[in-house]
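Only one structure is covered here, and it is reproduced in the block below.
Residues: numbered from 1 along the sequence shown. We use all heavy atoms of the structure for the numbers below, so side chains are in, but hydrogens, waters and symmetry mates are not.
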Amino acid sequence: MKKWLLGAIFAGVATIGAACSNPSSMQGHDMSGMNMKKEDASAETSKQQLPFATDTEVLSGKEIHLTAKEALLQINDQVKLPVYTYNGSVPGAQIRVKQGDKVKIVLKNELPEPVTIHWHGYPVPNNQDGVPGVTMDAIQPGETFTYEFTATVPGTYWYHSHQKSAEQVDKGLYGTLIVEPKNEEKVDRDYTLVFDEWMSDPNAESNMNMNMSGMDHSNMNNGNSSDHQQMDMNSMGHNMNMYDIFTINGKSGAAVQPLKVKKGEKVRLRLVNAGYMSHKLHLHGHEFKIVATDGQPLKDPQPIKDELLNIAPGERYDIEFIANNPGEWLLECHGNMKGTDGMKVKIQYEGQANNTDKANAKENLPMVDITKYGKYETGPFTLDQKYDVEYTMDLGTAMGKNGMIYTINGKTYPDTAPINVKTGDLVKVRIVNNSPKDVHPMHLHGHFFQVLSKNGKPVTGSPLMKDSLNVNPGEEYVVAFKADNPGNWMFHCHDLHHASAGMVTEVKYTDYKSDYTPDPNDTTNKGE
């Protein structure tokens with residue numbers, strides 16, 4: 001199930017840190033010695049024959065059909081890239097259903113390789129979770145698979161392939177899932193914005209990977225943290241970051257469609273990070289409230305103005321504002337990386353032609369601390385209650401025989417110790433990031449957890465229920481959840497390069513027996 005060579009391949013392009021503010025970038029970094037080869041004529045011809053990606057559609061109803069297929073994405077007026085899509089668009093079709101609906105989604109695979117769908121953040125039954133080799137066989141080219149589950153929990157979620165996900169999600173194989181509450185508070189405008197990063201020269205990655213795999217690591221012992229080793233990890237992970245185009249809904253810069261509003265309207269923005277970098281977002285000209293994170297509502301959110309909202313890989317934030325300041329304003333990413341300038345969208349008041357705003361992406365603004373945001377009240381879990389299972393997750397970075405590895409308690413998947421539970425258990429997990437420079441956005445499948453403390457200090461804001469938690473170097477969190485969804489569930493870093501290089505464990509229910517048996521002859525089933 002696990003192909004260890006992937007660890008070496010993906011390690012070379014590991015995306016580290018909060019991208020919009022990380023000073024390391026491709027600017028000023030000489031790549032001329034890396035022997036990058038151009039696409040050959042046949043590949044170029046094949047690319048030109050692909051259909052152009054279409055606009056993202058919204059699908060609802062009792063049966064929804066998705067087709068995984070190739071397309072050519074026009075990111076801006078200069079760059080078009082071959083991509084993988086659900087229904088011909090990046091992001092793929094938005095699936096929009098009501099709380100309580102029975103959801104039936106038929107996926108047809110027209111790609112040249114196997115795929116799946118994982119419902120990120122959604123507590124589906126385990127056999128619908130879409131992890132090849134763990135919950136299902138990968139869907140082969142030409143085949144179809146039907147996913148079925150009940151939309152029990154409202155909120156903003158997303159879906160993506162979990163088959164070779166570091167590659168396939170990178171190619172655009174994702175979409176959004178919106179579950180509307182039965183008694184939803186109405187807004188006048190409801191926009192979904194999906195953030196991602198791309199390489200203007202995707203061939204550079206494969207060439208760099210080849211060079212990385214040929215490096216001499218003979219002087220580096222697995223798990224050691226010598227200065228020499230750290231220097232090599234830094235050079236591979238930080239300086240060779242080739243993601244130089246940042247996008248919103250598959251477009252960059254002037255190609256991003258403006259968001260239209262009218263004075264007096266209540267506007268909801270659903271922010272989804274489908275990429276591998278954190279992005280610090282600034283809404284100009286308006287106060288806003290963070291009403292939900294990872295689909296879960298926050299208690300009595302207070303207004304925020306001119307503060308940055310950091311959205312990490314896999315996370316979602318729903319924000320709302322009143323359009324009370326006519327003109328044209330930006331929602332933009334802050335930082336100084338090469339792609340930062342392209343990650344901004346205009347908020348345009350109808351009937352207001354004047355441009356009243358300008359970008360200020362390098363301005364130093366305070367950051368929202370979500371652990372102190374909203375009104376405090378006791379959530380479903382507390383730090384001092386009794387737990388049936390306690391687990392410490394020590395996140396680390398090391399050098400393996402084939403390149404960088406990312407570890408949990410010194411091990412890489414599938415050798416990581418699982419979190420063994422039984423149905424009904426209360427589980428407490430301490431997550432500590434001991435990687436010197438790597439940020440690890442940790443994602444739990446099939447469950448929501450409550451964040452109880454950060455760096456030893458209890459959460460003082462709203463009860464914080466999440467499925468994806470960003471853990472910076474040196475940080476420590478304590479989270480808790482109830483084992484209320486039997487199955488075998490992944491708990492992994494959502495920098496998917498890190499996951500493919502080992503940073504994965506499982507929550508395994510000892511009282512659950514899966515009806516799925518992996519096909520021993522299917523070498524395509526990869527859980528990452």
Would you please classify the geometry between the [Y] ring and the [X] ring as parallel, tilted or perpendicular, with 30° and 60° separating the classes?
| X | Y | answer |
| --- | --- | --- |
| Tyr147 | Phe145 | perpendicular |
| His160 | His118 | perpendicular |
| His334 | His282 | perpendicular |

Quiz item: Regarding Lys466 and the six-membered ring of Tyr317, is the cationic atom NZ or CZ under 6.0 Å from the ring centre and inside 45° of its axis?
Solution: yes
Exercise. Walk me through it: do Asp137 and Tyr516 pass the test side-chain hydrogen bond (donor to acceptor under 3.5 Å, both in side chains)?
Key: CA-CA 9 Å; Asp137 288 333; Tyr516 164 66; 2.7 Å; yes
May I ask you to decide if [Y]'s main-chain N or O and [X]'s side chain share a donor-acceptor pair within less than 3.5 Å?
| X | Y | result |
| --- | --- | --- |
| Gln99 | Lys182 | yes |
| Asn109 | Ile139 | yes |
| Gln128 | Pro125 | no |
| Asn433 | Asp438 | yes |
| Tyr373 | Ile290 | yes |
| Asp495 | His497 | yes |
| Thr56 | Pro91 | yes |
| Thr416 | Val504 | yes |
| Tyr276 | Ala166 | yes |
| Asn249 | Val194 | yes |

Exercise. Test Arg316 against Asp467 for side chain to side chain contact (heavy atoms under 4.5 Å, CB included), laying out the working first.
Key: CA-CA 10 Å; Arg316 289 89 62 214; Asp467 57 69; 2.8 Å; yes
[atom1]/[X] to [atom2]/[Y] distance, rounded to the nearest 0.5 angstrom?
| X | Y | atom1 | atom2 | value |
| --- | --- | --- | --- | --- |
| Leu173 | Glu70 | CG | CD | 11.0 Å |
| Ile178 | Thr192 | CD1 | OG1 | 4.5 Å |
| Asn310 | Leu281 | CG | CG | 8.0 Å |
| Thr392 | Ile419 | OG1 | CD1 | 10.0 Å |
| Cys493 | Met442 | SG | CE | 6.0 Å |
| Lys98 | Ser60 | NZ | OG | 9.0 Å |

Self-check item: Name of the residue among Val389, Leu444, Leu426 meeting side-chain contact (heavy atoms from CB on, under 4.5 Å) with Phe481
Solution: Leu444
Quiz item: Among Ile319, Asp318, Thr176, Leu193, which one satisfies side-chain contact (heavy atoms from CB on, under 4.5 Å) with Arg270?
Solution: Asp318
Quiz item: In this structure, are over 12 heavy atoms from other groups packed under 6.0 Å from Lys411 atom NZ?
Solution: no
Closest heavy-atom pair and its distance - [X], [Y]:
| X | Y | result |
| --- | --- | --- |
| Pro458 | Gly456 | CD-O, 3.9 Å |
| Leu452 | Ala480 | CD1-CB, 3.8 Å |
| Asp294 | Phe448 | O-CE2, 4.0 Å |
| Asn485 | Gly446 | ND2-O, 3.1 Å |
| Gly342 | Ser252 | CA-OG, 3.4 Å |
| Gly275 | Glu197 | CA-OE1, 3.5 Å |

Do [X] and [Y] come within less than 4.5 Å of each other through their side chains, counting heavy atoms only?
| X | Y | result |
| --- | --- | --- |
| Ile248 | Met343 | yes |
| Leu395 | Ile408 | yes |
| Ile105 | Leu59 | no |
| Glu57 | Gln94 | no |
| Tyr413 | Met503 | no |
| Phe288 | Leu269 | no |
| Gln450 | Pro380 | yes |
| Asn409 | Tyr391 | yes |

Just by distance, no angles: are the side chains of [X] and [Y] close enough, under 3.5 Å, to form a donor-acceptor pair?
| X | Y | answer |
| --- | --- | --- |
| Asp170 | Tyr243 | yes |
| Thr423 | Asp511 | yes |
| Tyr174 | Asp196 | yes |

Quiz item: Looking at Gln140, Gln168, Gln163, which hits side-chain hydrogen bond (donor to acceptor under 3.5 Å, both in side chains) with Glu113?
Solution: Gln168
Quiz item: Under the criterion ring pair (Phe, Tyr, Trp, His ring centres under 6.0 Å), which of Tyr122, Trp119, Phe149 is the partner of Tyr157?
Solution: Tyr122
Quiz item: Aromatic ring centroids of His494 and Trp158 under 6.0 Å?
Solution: yes
Quiz item: Are the aromatic rings of His445 and His447 close, with centres under 6.0 Å apart?
Solution: no
Quiz prompt | side-chain hydrogen bond (donor to acceptor under 3.5 Å, both in side chains) between Asn87 and Ser89, intermediate numbers included | solution = CA-CA 6 Å; Asn87 283 21; Ser89 63; over 6 Å; no
Practice problem: Go through the steps to decide whether His65 and Lys108 satisfy the test side chain to side chain contact (heavy atoms under 4.5 Å, CB included), and finish with yes or no. | Solution: CA-CA 8 Å; His65 288 260; Lys108 182 180 181 184; over 6 Å; no
Quiz prompt | Lys/Arg N to Asp/Glu carboxylate O, Lys102 vs Glu148, below 4.0 Å | solution = no
Practice problem: Please determine if Asp425 and Lys422 form a salt bridge, counting it only when a charged side-chain N lies under 4.0 Å from a carboxylate O. | Solution: yes
Exercise. Show your working on side chain to side chain contact (heavy atoms under 4.5 Å, CB included) between Val432 and Val471 and close with a plain yes or no.
Key: CA-CA 8 Å; Val432 186; Val471 188; over 6 Å; no
Exercise. Start with the C-alpha gap between Thr378 and Tyr376, add the side-chain angles, then the distance that decides, and say whether side chain to side chain contact (heavy atoms under 4.5 Å, CB included) holds.
Key: CA-CA 7 Å; Thr378 303; Tyr376 176 80; 4.1 Å; yes
